[in-house]
Amino acid sequence: MSSAQPPDPDAPLSVTAHDSIAVIPASDWDACACPEAAESGRPLDPFTTHRFLSAIEESGSVGPGTGWQPMYLTVQSGGEIVAAAPLYAKGHSQGEYIFDHSWAHAYERAGGRYYPKLQIAVPFTPATGRRFLTRPGWESAGMAALVEGAVQLASRNDITTLHATFCTEGEALAGAQMGLLHRTGTQFHWVNRGYSDFDAFLADLSSRKRKNIRKERAQAQGFGGEIRLRTGEEIRPSDWDDVWRFYQDTGARKWGTPYLTRAFFEIAHETLRDDILLILAEREGRNVAGALNVIGRDCLYGRYWGATEHHPALHFEACYYQAIDWAIERGLARVEAGAQGEHKLARGYLPAPTHSLHWIGDPGFRNAVEQFLEGEARAVDEDIEILTSFGPFRKTGSEE
């Protein structure tokens with residue numbers, strides 16, 4: 001059967017779990033993860049590519065001792081891989097950004113065992129994208145086989161929960177039809193409304209917000225150095241030494257231990273440079289702050305920021321305004337600046353829903369979580385509506 005043809009509903013499908021992505025040919029994985037890249041060269045989602053997941057695994061950022069044990073799933077039909085999912089067995093709830101700590105505490109207080117759990121996700125990456133990766137034409141059958149395979153894996157190993165985090169809305173709706181629990185959350189994204197340049201974006205804002213951004217940009221750019229943007233071959237090996245220092249500093253302040261190892265950045269220099277944009281603040285011949293972004297076909301994803309010197313508003317300039325500038329110049333549809341952060345609202349980033357799916361084997365626990373999610377979903381919808389109304393954009397016919 002050609003992978004471009006619709007699947008045969010009577011064709012037998014087999015699901016296999018793999019403890020290393022290295023045993024799955026990159027061409028087979030990417031035919032499911034980013035088939036569009038075969039024509040354009042740039043994947044829609046850079047995080048589910050074979051090279052990105054390989055870098056995380058090869059660097060030791062996941063694997064023994066990390067609480068993220070790879071169990072990548074593939075679905076085969078007629079000897080061909082037609083679907084895949086980045087699945088991990090987890091011994092904690094760190095590095096996920098869709099939080100279930102309260103679920104774990106409640107279940108364990110009731111005498112249950114919450115961990116290990118199964119997680120379909122890109123580790124340490126709060127960016128929406130397909131989690132049930134399929135060749136074109138296999139979307140429904142492939143996702144159904146992956147869900148069934150993951151649930152069977154959990155049941156056979158006495159694992160209570162399975163989660164798919166930062167999936168697409170379409171996957172969330174399809175998963176709900178399969179009986180999975182659907183959870184929503186909120187992030188802040190900048191959306192390109194066809195702007196010709198940064199000034200055109202500013203013209204869309206209220207007068208007060210526009211003035212504030214101009215003030216912040218002037219303040220940041222007066223830090224005593226230059227902002228430099230590097231991608232691909234422009235990135236120097238020494239830049240990664242600085243990025244590692246920035247990453248360690250931020251990690252130590254926010255979550256204690258950085259998730260990525262130093263080896264990840266070394267591998268990134270070899271295999272991911274074309275997927276990465278570094279925004280570096282250089283002063284007196286050395287980088288004193290910087291932001292690491294990952295490039296998708298129509299989106300720039302802000303991932304990590306750090307600094308060895310404090311300069312007012314430099315964080316906003318490097319993480320938000322330079323990213324918007326770069327996205328406008330290249331006609332990208334949006335910028336996603338990572339998890340949380342209502343301070344992004346005043347800088348042109350509006351609330352957007354995120355989605356996740358959850359399977360819970362214990363019926364009583366499932367019912368309790370389902371009730372919680374119903375109330376949470378109403379609160380999320382209200383928050384998005386309220387936050388959007390307080391957005392920085394000009395109101396029709398006024399500048400309120």
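This one's a predicted model, so the numbers in the text were calculated from it and none came from an experiment. All values below come from the heavy atoms of this structure, side chains included, with hydrogens, waters and symmetry mates left out.
When all heavy atoms are compared, the tightest approach of Leu205 to Arg210 is O-NH1, 2.7 Å. The nearest pair of heavy atoms linking Phe132 to Ala164 is CZ-CB, 3.9 Å.
Under the 4.5 Å side-chain criterion, counting only non-hydrogen atoms from C-beta, Asp275 is in contact with Arg51. In this structure the side chain of Phe166 never reaches within 4.5 angstrom of the side chain of Ile120, judged on heavy atoms.
Side-chain atoms of Glu317 and His315 form no donor-acceptor pair, as typed in the model, at a separation below 3.5 Å. A donor-acceptor contact closer than 3.5 angstrom is absent between the side chains of Glu329 and Tyr195. Of the N and O atoms on the side chains of His18 and Thr16, not one donor lies less than 3.5 Å from an acceptor on the other residue. Checking Gln76 against Glu80 by side-chain atom types alone, no donor-acceptor pair falls below 3.5 Å. Under 3.5 Å, the side chains of Trp244 and Gln248 contain a donor-acceptor pair of N or O atoms. In the model, Asp100 has a side-chain atom that pairs as donor or acceptor with a side-chain atom of Ser93 under 3.5 Å. In this model, no donor atom of one side chain and acceptor atom of the other lie less than 3.5 Å apart for Asp19 and Tyr72.
Tyr349 does not carry Arg334 over the face of its six-membered ring by the limits of under 6.0 Å from the centre and within 45° of the normal.
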Could you walk me through whether Tyr321 and Phe316 pass ring pair (Phe, Tyr, Trp, His ring centres under 6.0 Å), step by step? CA-CA 7 Å; Tyr321 304 140; Phe316 302 138; 7.0 Å; no
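A ring pair (Phe, Tyr, Trp, His ring centres under 6.0 Å) with Tyr304 is found for exactly one of Phe264, Tyr247, Trp240, namely Tyr247.
No chain of hydrophobic side-chain contacts below 4.5 Å, direct or via other Ile, Leu, Val, Met, Phe, Trp or Tyr residues, connects Leu181 to Val380. Linking Ile, Leu, Val, Met, Phe, Trp and Tyr residues whenever their side-chain heavy atoms come within less than 4.5 Å leaves Ile267 and Ile276 in two separate clusters.
Aromatic pair Phe124/Trp68: ring centres closer than 6.0 Å. Aromatic pair Phe188/His343: ring centres not closer than 6.0 Å. The distance between the ring centers of Trp359 and His163 does not fall below 6.0 angstrom.
Between the Asp30 side chain and the Thr49 main chain, no donor and acceptor come within less than 3.5 Å of each other.
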